[in-house]
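See structure below.
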Amino acid sequence: MEFLENFLKQHLLPLTVRLYRNPWLRAIRYAFFTMMPFLLAISLAGVFSWVVLDPWGPVMGERGLNLGAWMTGGLYGEAYRQSLFVKYITSFQKTMEMGFVVIPMLLTMAFAERFAEVWGIDKKMSMFTALSSLVILLMMEYGTEAGPLDVLRPLGILSVMAVALISTAILAQTLRIPKIRIYRLKALPRKLSHYLTLAFPIILALFLFGMLSMGYALWQQIYQVTAQDWLQQVLRVPPVEFFQGMDAVMAFQFFSWMPWWFGIHGQSVTHLVNVAAYVPAQMSNQLGDTEYIFCSPFFEAGFLHVMALSIAVIVFSKHEDWRDVSKFSFPMLCFNLQEPLLFGMPVVLNAVFLLPFVLAPMANALIGWIAISWDIVPIFKYAIPMGMPPFFSGMMSTGSVMGGILQLVWLIADIFIYAPFVIVSNMAEPEELVPKEDEDQ
């Protein structure tokens, strides 16, 4: 314990303070703070849609509680599929999932607002410019035929962050060109005159972003390289095979979770690898062609280490504010909603949790590899809804109760990994471990 305490105070705390003062990391962190109520509301709606409303899901479907057959008077198969109940519930489900169309737009505006603060330019105009830039990019890439759910839902956080950053940077540069700015007209109200001076810089910024978007869209049409093709060219081997190696898996886990500590959505960072290597591995397992140990449901079932942190804090921590946030976040963690704990306690840029936050998911991968290699647990082969609670998600994904037991083993192991660090944190005040946020933010 003394070694951990000294390492924490001598190395991790100074690093944390420096990172807290970085303006770009602050901007990203506060953008997530701004979005938290919307993310929670839309995520909870998504969980309800995937778990409860899906006519073929774990509640309504035949493989689950089969309430759909009971509510339709015993209909099965094609008769159930064609029933009015399925028609209306599917329509309601799609309506609730439209929230995922809103998230990319709100995130783009939230990031642009904070990036504008770093650049020192008008926040409102930056938000509207970034949103317009997002629309331009999507129109260039998808045209007018695709629907909003098809276009906006696949967007990752890194994509919208890039749009906000690039559009705000371009706007900041165009605002520095005095020759294209309209002089303020004293006869007009001050606010109106101010926004008129921004007209031509904004038009130029949108034009420049549109040219970049056109170049990106043309590049995609000319080369038409998928994520799998690109990775195979880089790795010289099929990505599915390459990313089954333990070293590649550990790197994948590291880069999936380390960005979270900086306040960046880690799964967006590794999205390309997941789509190119681990989703095809799951599909191949489901078809019965292969028995890949590492696939997308394997990693989704291993999200338990954040729940383990919550339990470790509730059991071992003496900091009441951390305990309160953990208790509040725990029910949401049961449905894979991790943001309240990561940003609320916070875990983001908290020196105490840097090492265990990265080590725990890597340990889970090793434990899972041993359990599946020794035929203790079947392979993960079925895709599951994102909000499926632990134990049930492992059981449904493997088709065996042993999948759920593996998740319980992961949870217990992760609690033991976090416990020493939580106990060490009792030796210091919370404000020593996490630098105080500015009140005006």
Side-chain angles (χ1 to χ4, degrees), residues 43 46 50 97 100-101 103-104 107-108 134 137-138 140-142 146-163 213 216-217 219-260 264-303 336 338 361-362 364-365 368-369 379-388 393 396-397:
S43 297
W50 296 326
E97 290 182 2
F100 293 97
V101 173
I103 284 181
L107 275 173
T108 302
L134 180 66
L137 175 65
L138 295 177
M140 290 287 185
E141 187 172 357
Y142 295 97
L149 194 60
D150 300 324
V151 170
L152 286 165
R153 184 169 178 175
L155 283 178
I157 291 178
L158 279 185
S159 300
V160 298
M161 190 187 302
V163 170
S213 301
Y216 174 70
W219 178 82
Q220 281 196 320
Q221 290 182 6
I222 292 172
Y223 291 100
Q224 294 183 343
V225 178
T226 65
Q228 291 91 333
D229 295 335
W230 184 82
L231 276 177
Q232 184 159 347
Q233 291 176 7
V234 172
L235 301 173
R236 305 295 183 184
V237 294
V240 175
E241 303 293 341
F242 178 85
F243 285 99
Q244 289 298 307
M246 185 57 67
D247 53 346
V249 169
M250 291 300 176
F252 177 79
Q253 288 288 67
F254 178 85
F255 288 107
S256 292
W257 292 103
M258 185 64 187
W260 274 110
I264 300 172
H265 194 287
Q267 280 66 46
S268 292
V269 175
T270 55
H271 176 71
L272 184 148
V273 172
N274 187 48
V275 170
Y278 293 124
V279 171
Q282 176 267 317
M283 297 173 65
S284 181
N285 285 351
Q286 185 170 341
L287 292 173
D289 298 333
T290 56
E291 291 190 351
Y292 291 120
I293 293 177
F294 300 111
C295 58
S296 54
F298 176 95
F299 295 110
E300 291 166 7
F303 281 5
N336 281 335
Q338 306 165 67
M362 297 170 76
N364 288 353
W369 174 78
I379 59 169
F380 287 76
K381 55 183 176 180
Y382 300 114
I384 53 175
M386 278 297 296
M388 183 60 59
S393 58
M396 292 179 61
S397 185

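Predicted model only: the values in this text are computed from it and were never measured. The figures here come from the full heavy-atom set of this structure, side chains too, leaving out hydrogens, waters and symmetry mates.
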- line: Minimal heavy-atom distance between Thr108 and Leu134, with the atoms involved, is OG1-CD2, 3.6 Å
- prompt: With a 4.5 Å limit on heavy-atom distance, are the side chains of Val279 and Met283 in contact?
  reply: yes
task: Please find out if less than 6.0 Å separates the ring center of Phe303 from that of Trp257.
output: yes
Val273 vs Phe255, side chain to side chain contact (heavy atoms under 4.5 Å, CB included): CA-CA, chis, key distance, verdict: CA-CA 11 Å; Val273 172; Phe255 288 107; over 6 Å; no
- prompt: To the nearest 0.5 Å, what is the distance between CE (Met258) and OG1 (Thr270)?
  reply: 14.0 Å
query: How about Asn285 and Tyr382: do any of their side-chain heavy atoms sit closer than 4.5 Å?
result: no
- request: Using a 4.5 Å cut-off on heavy atoms from C-beta on, say whether the side chain of Leu137 contacts that of Tyr216.
  value: yes
- request: Report yes if the side chains of Tyr292 and Gln244 come closer than 4.5 Å at any heavy-atom pair, otherwise no.
  value: yes
query: Taking C-beta and beyond as the side chain, do Glu300 and Asn336 meet within less than 4.5 Å on heavy atoms?
result: no
- prompt: Distance only, no hydrogens: is a donor on one side chain within 3.5 Å (strictly under) of an acceptor on the other, for Gln267 and Trp260?
  reply: yes
field: Contact summary for Pro259 and Val269, nearest pair of heavy atoms
entry: CG-CG2, 3.9 Å
task: Enter the distance from Met362:CE to Ser256:OG here, rounded to the nearest 0.5 Å.
output: 11.0 Å
query: Between Lys381 and Gln282, which heavy-atom pair has the shortest distance, and what is it?
result: O-NE2, 3.0 Å
message: Using every non-hydrogen atom in the two residues, find where Val240 and Ala276 come nearest and quote the distance to one decimal.
response: CG2-O, 3.9 Å
task: Might you work through the side-chain hydrogen bond (donor to acceptor under 3.5 Å, both in side chains) test for Asn274 and Ser296, ending with a clear yes or no?
output: CA-CA 7 Å; Asn274 187 48; Ser296 54; 4.8 Å; no
- prompt: Would a distance-only check, ignoring hydrogens and angles, find a side-chain to backbone donor-acceptor pair under 3.5 Å from Gln253 to Pro361?
  reply: yes
query: Hey, what do you get for CD (Glu291) to OG (Ser284), rounding to the nearest 0.5 Å?
result: 10.0 Å
message: Taking ring pair (Phe, Tyr, Trp, His ring centres under 6.0 Å) as the criterion, tell me which of Phe294, Phe380, Phe252, Phe298 meets it with Tyr278.
response: Phe252
